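Written out below as structure tokens is the structure these notes cover.
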Amino acid sequence: MQTISNQQIAEMLREIGEYLAMQNIPFKPRAFEKAALTIEGLEEEVSEIYKKGGGGKDGLKALKEIPGVGASIAASIEEAINTGKMKDLERLRKSTPVRLDELSRIEGLGPKSVQKLYKALSIRNLKDLEKAARAGKIAALPGFGKKTEENILKSIGFAATSGQRFFIGHIMPQIRRIEERLRLLPESKMVTIAGSARRWKETVGDADILVVSQKPAPIMRQFVSMPEVVRVIAHGDTKSSVKVRGGLNVDLRVVPEESYGAALAYFTGSKDHNVAMRQTAIKRGWKLNEYGLFKATSEKGRAIGKEKMIAGRTEAELYETFGMDYIEPELRENTGELEAARRHALPKLVGYGDLQGDLQVQTDWTDGSDSIESMARVAMARGLKYIAITDHTKRLAMANGLDEKRILKQMAEIDKLNKKFAGKIKILKGSECDILKDGTLDLPDSVLSKLDVVGASVHSFFNLPRTEQTKRIARAMENPNVDILFHPTGRIVNKRAPYDVDVEELIRAAKRTGTIMEIDALERLDLKDEYIRKCVEAGVRMSIDSDAHSPSHYSSIEYGIAQARRGWAEKKDIINSWPVEKMLKSLK
DNA sequence: GCCGTTTTCGGCCCGACTGTTTTCAGTCG
């Protein structure tokens with residue numbers, strides 16, 4: 001039987017929610033949406049959770065443990081696991097046969113409008129919609145108009161790119177360019193990137209930028225007329241929204257200085273974090289919004305309708321008023337950070353300037369673009385104290401992988417360079433050694449034992465069955481010469497799914513064997529944040545590596561550090577934040 | 001439909017912008 005993925009289940013639940021929203025049913029849509037969001041973000045497959053729970057009644061119980069999943073949704077999930085379908089969804093689809101997924105991708109078109117369009121014009125899909133819009137039929141509907149019709153047509157043109165999420169490493173430079181442009185405006189007092197980019201999520205759907213200013217109008221005018229803007233979605237006094245070349249939506253908010261902290265917290269999110277914060281406020285009889293934290297004033301115990309702002313100028317003040325420590329943006333996902341902040345037990349996250357070394361660097365000996373010397377010089381200029389040269393091994397023939405002879409030659413060259421760079425940067429002898437199909441390594445132990453740092457990684461047989469893949473990698477980790485497991489799951493953000501492997505078992509193997517787990521920064525962000533957190537909890541150490549194949553790739557380190565921070569990692573968890581001697585001693 | 005330091009009923013985050021209205025519904029984040 002084909003097992004159903006979390007993504008598929010989430011889409012079904014979300015679709016049910018949208019149908020319910022179409023029918024104007026209150027609250028239920030949000031319940032489904034919430035459950036869908038949670039399930040999408042789960043690391044473990046829901047079908048596994050059900051199976052592990054024992055299936056049947058006990059499986060259902062296990063499903064209900066998932067936040068946002070109650071009796072009814074659990075039953076639907078069970079149904080989907082067993083039959084691949086949800087009867088409730090089938091029924092809804094039949095009663096209103098519209099392609100909700102297609103139509104709600106159109107900007108400004110939500111469930112209510114879709115319902116109206118279906119009732120009045122029998123519009124079921126994007127094609128029907130375009131036809132009706134071109135024929136001018138939509139403008140004639142009550143509640144719709146000429147402008148709406150124009151926007152629908154425009155949006156159809158963009159439908160392909162909307163809803164897409166961008167890899168943070170690719171999109172951050174563009175967001176920063178826009179930030180910089182706004183910073184240069186004389187009217188703007190402060191400019192900050194907010195939203196998921198400030199939380200360093202591995203993918204970003206929209207960019208949010210916050211500006212403090214007394215004169216928003218000229219800032220808004222400049223913003224909507226930037227050269228990269230391809231469409232203005234909204235243009236207001238305090239909020240504007242545009243789509244820029246490449247498909248990214250950028251939202252700009254202008255707030256007064258006294259609300260800066262509240263607004264920054266609000267627009268940084270995550271949504272879940274904000275909702276939890278607001279619920280905390282309500283419990284205390286306060287109100288939290290993007291303008292501040294407010295307390296209702298009362299006279300003789302009776303509310304008199306006036307509100308007094310009690311915090312909001314800075315984020316720190318906001319958290320403090322709640323009796324919490326300041327929560328770094330990377331932690332704001334409502335996954336225990338509020339509780340930890342209350343108990344003053346937040347981690348002291350590894351900092352963006354904390355790395356002293358980089359333990360995965362490729363050179364022109366294999367598939368890198370530059371020489372060992374030039375990679376060392378660039379690393380030095382970036383303030384690194386040591387790098388490990390870790391070229392591929394012979395199994396990776398297309399990368400001109402090193403065999404025993406060539407790697408010995410490379411080691412001799414590194415000795416020479418170390419004399420040249422003495423006192424400036426230390427070049428470590430290393431390898432990115434291929435893990436062969438059976439879990440043995442591509443170079444003999446007699447060679448590996450001569451190296452300072454051995455990373456092992458999978459570049460072949462991605463499709464082995466889960467247990468075999470897990471055993472294979474764990475076997476490599478048992479090798480006393482293997483120090484680090486490079487890019488442990490093989491994923492590439494937005495490009496390649498991880499191979500099927502039991503990561504928790506690998507983390508146990510790492511603990512048992514003293515192997516370091518890598519956070520590979522370049523395009524991979526492998527490990528994922530959830531696994532990083534599990535390593536931290538298990539006391540398994542990690543390294544954050546650029547995986548640089550050219551000098552410009554060192555810049556990816558920043559994203560790797562962000563990823564580590566999102567996984568609650570501290571300096572003590574990241575071996576290359578340590579001086580080289582201490583780092584080397586921590587290896588096998 | 002979900003949830004619980006207001007706990008098995010009765011709540012459910014909150015505000016800006018747009019377009020079509022003439023006071024507001026729908027959408028978005």
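Quick caveat: nothing in here was measured; it's all calculated off a predicted structure. Letters A, B, ... mirror the listed sequences (proteins, then strands); counts begin at 1.
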Point to revise | Heavy-atom protein contacts under 4.0 Å, nucleotides 16-22 of chain B, coded B base, S sugar-phosphate only, - none | key: SSSSSS-
Exercise for review: Looking at every strand, decide which applies to A:Pro29 at a 4.0 Å heavy-atom threshold: base, sugar-phosphate, or nothing.
Suggested key: nothing
Check your understanding: Using the C1' atom in both, what is the distance from B:dT20 to B:dA25, to the nearest Å?
Key -> 10 Å
Point to revise | Distance in angstrom units between A:Leu109 CG and B:dG29 C1', rounded | key: 17 Å
Review point. A:Phe27 on top of B:dC2's base, within under 5.5 Å and under 30°?
Key: no
Point to revise | Note: A:Arg183-A:Glu179 ion pair, threshold 4.0 Å (strictly below) | key: yes
Review point. For the side chain of A:Arg30, counting heavy atoms from C-beta on, which of B:dG26, B:dC12, B:dG1 is nearest?
Key: B:dC12
Study note, to complete from the structure: When A:Pro26 and A:Val114 are each assigned the nearest nucleotide of DNA chain B, the 5'-most assignment goes to A:Pro26
**Study point:** A:Asp251 CG to B:dG15 P, straight-line distance once rounded to whole Å
**Key:** 18 Å
Practice item. Would you mind telling me which residue lines up with the more 5' stretch of DNA chain B, A:Val275 or A:Lys116, judged by nearest nucleotide? Key: A:Val275
Review point. Quick one: A:Lys64 NZ to B:dC3 P, roughly how many Å, whole number?
Key: 10 Å
Check your understanding: Are any side-chain N or O atoms of A:Arg342 and backbone N or O atoms of A:Gly323, one a donor and one an acceptor, separated by less than 3.5 Å?
Key -> no
Exercise for review: Using the P atoms only, state how far B:dT27 lies from B:dT21, rounded to an integer number of Å.
Suggested key: 15 Å
Check your understanding: Just how far, in rounded Å, is C1' of B:dC14 from CZ of A:Phe267?
Key -> 10 Å
**Study point:** Distance, rounded to the nearest Å, where A:Asp272 contributes CG and B:dC2 contributes C1'
**Key:** 14 Å
Exercise for review: Please state the P separation for the pair B:dG11 and B:dT6 - nearest whole angstrom.
Suggested key: 15 Å
Study note, to complete from the structure: side chain to side chain donor-acceptor pair (under 3.5 Å) pairs touching residues 57-80 of chain A, sequence neighbours excluded, are A:Tyr50-A:Glu78
Review point. Does A:Lys283 put a side-chain nitrogen or oxygen below 4.0 Å from OP1 or OP2 of B:dC12?
Key: no
Exercise for review: Quickly work out the A:Lys28 NZ to B:dG11 P distance and round it to whole Å.
Suggested key: 18 Å
Exercise for review: Could you state the atom-to-atom distance from CD of A:Gln115 to C1' of B:dT27 in whole Å?
Suggested key: 16 Å
Practice item. Output yes when at least one side-chain N/O atom of A:Ser113 is less than 4.0 Å from OP1 or OP2 of B:dT27, else no. Key: yes
Check your understanding: Counting distance only, does the side-chain N/O of A:Glu504 pair as donor-acceptor with the main-chain N or O of A:Asp502 below 3.5 Å?
Key -> no
Revision key, fill the gap. From CD of A:Glu18 across to C1' of B:dG1 the rounded distance in Å is 16 Å
Review point. How would you label the contact of A:Ala71 with the nucleic acid (heavy atoms, under 4.0 Å): base, sugar-phosphate, or nothing?
Key: sugar-phosphate
Review point. Is the shortest side-chain N to carboxylate O distance from A:Arg198 to A:Glu315 below 4.0 Å?
Key: yes
Practice item. For B:dG10 and B:dG15, measure between their P atoms and round to the nearest Å. Key: 26 Å
Point to revise | Donor-acceptor contact below 3.5 Å, side chain A:Ser155 vs main chain A:Ile106 | key: no
Exercise for review: Write down the distance separating the C1' atoms in B:dC12 and B:dC17, rounded off to the nearest Å.
Suggested key: 24 Å
Check your understanding: Should B:dT8 form a Watson-Crick or G-U wobble pair with both distances under 3.5 Å, which nucleotide is its partner?
Key -> none
Review point. Taking 4.0 angstrom as the limit, do A:Arg30 and A:Glu33 come out as a salt bridge?
Key: no
**Study point:** Check: A:Tyr266 side chain, B:dG29 base, donor-acceptor under 3.5 Å
**Key:** yes
Study note, to complete from the structure: Contacts of A:Pro227 meeting side chain to side chain contact (heavy atoms under 4.5 Å, CB included) (sequence neighbours excluded), chain-then-number -> A:Arg181
